[in-house]
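The structure under discussion appears below in the form of structure tokens.
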Amino acid sequence: MAKYLLLKHYRGAPAPANNVPMDQWTPEEITAHVKYMQDLAVRLEGTGEFVDAQALAPEGTWVRYDGEGRPPVTDGPFAETKDLIAGWMVVDVDSHERAVELAGELSAAPGAGGKPLHEWLELRPFLAAPPTITE
């Protein structure tokens with residue numbers, strides 16, 4: 001089995017087919033969207049393929065070590081992750097093809113008007129082991 005991250009972005013990928021920002025959805029549309037993802041997670045729990053799924057709050061802070069005895073530095077000249085990453089699902093599957101299939105299913109979560117979002121998801125495999133250093 002191999003673990004994959006199905007990463008949901010707010011922006012940075014091509015626009016989804018149903019490109020209505022969530023803050024313009026009705027409460028019923030938001031509920032349907034969340035229920036779709038919860039139902040998918042429950043189904044994958046049943047097959048043993050579900051590992052984790054989380055939605056992220058919009059607030060966040062960049063933090064960096066700034067040297068011995070100095071307080072950490074917060075924020076910086078970077079794109080705010082809170083503007084980019086909406087959430088994720090982690091699956092543990094038998095093949096890359098199965099991970100692609102599940103990402104496609106997650107992409108079909110309903111959005112405005114109950115129509116599938118067709119949103120782009122970033123599919124990333126977890127490293128099975130730390131990289132080896134060769135000299």
Checklist entry - Do the side chains of Val100 and Met37 join up, straight or via other hydrophobic residues, at under 4.5 Å, putting them in one cluster? => result yes
Next on the checklist: Between Ser107 (side chain only) and Trp120 (backbone N and O only), is there a donor and an acceptor less than 3.5 Å apart?
Outcome noted: no
Checklist entry - Is a side-chain donor or acceptor of Asp66 paired with a backbone partner of Pro71 at a separation under 3.5 angstrom? => result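 Flag not set: sc Asp66 to bb Pro71 has no pair under 3.5 Å.
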Next on the checklist: Would His118 and Asn18 count as a side chain to side chain contact (heavy atoms under 4.5 Å, CB included) here? Give the steps.
Outcome noted: CA-CA 7 Å; His118 298 279; Asn18 187 359; 5.6 Å; no
Could you tell me which non-hydrogen atom of [X] sits nearest to which non-hydrogen atom of [Y], and how far apart they are?
X: Pro110; Y: Ala32; result: CG-O, 3.7 Å
X: Thr47; Y: Leu44; result: OG1-O, 3.1 Å
X: Leu121; Y: Ala103; result: CD1-O, 3.2 Å
X: Gly113; Y: Glu29; result: N-OE2, 2.6 Å

Tell me, do [X] and [Y] make a side-chain contact under 4.5 Å, heavy atoms counted?
X: Gln24; Y: Val20; value: yes
X: Val93; Y: Tyr4; value: yes
X: Lys8; Y: Trp88; value: no
X: Leu106; Y: Leu40; value: yes

Next on the checklist: Check Arg70 with Glu68, please: is the shortest side-chain N to carboxylate O separation under 4.0 Å?
Outcome noted: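 So Glu68 does not pair with Arg70 through a salt bridge.
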Checklist entry - Does a salt bridge link Glu49 with Arg43, judged by any charged N lying under 4.0 Å from a carboxylate O? => result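 Answer for the salt bridge query: no.
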Next on the checklist: With side chain to side chain contact (heavy atoms under 4.5 Å, CB included) as the criterion, how do Leu123 and His96 come out once you've worked through the C-alpha distance, each side chain's angles and the decisive distance to 0.1 Å?
Outcome noted: CA-CA 9 Å; Leu123 179 63; His96 177 78; 3.8 Å; yes
Checklist entry - Is there a side chain to side chain contact (heavy atoms under 4.5 Å, CB included) between Asp52 and Met89 once you walk through the steps? => result CA-CA 6 Å; Asp52 185 34; Met89 180 178 281; over 6 Å; no
Item to check | Audit row: Val91, Lys3, side chain to side chain contact (heavy atoms under 4.5 Å, CB included) steps and yes/no | outcome: CA-CA 6 Å; Val91 295; Lys3 289 183 181 157; over 6 Å; no
Next on the checklist: Once salt bridge (charged side-chain N to carboxylate O under 4.0 Å, His left out) is applied, do any residues pair with Lys35, and if so which ones, sequence neighbours excluded?
Outcome noted: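 Lys35: salt bridge (charged side-chain N to carboxylate O under 4.0 Å, His left out) contacts with Asp39.
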Next on the checklist: Under the ring pair (Phe, Tyr, Trp, His ring centres under 6.0 Å) definition, can you give me all pairs with a residue in residues 26-50, not counting sequence neighbours?
Outcome noted: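 As it turns out, the ring pair (Phe, Tyr, Trp, His ring centres under 6.0 Å) pairs with a partner in residues 26-50, which skip direct neighbours, are Trp25-His33.
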Next on the checklist: To the nearest 0.5 Å, what is the distance between CZ on Arg98 and CG on Asp92?
Outcome noted: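 With rounding to 0.5 Å, CZ (Arg98) is 12.0 Å from CG (Asp92).
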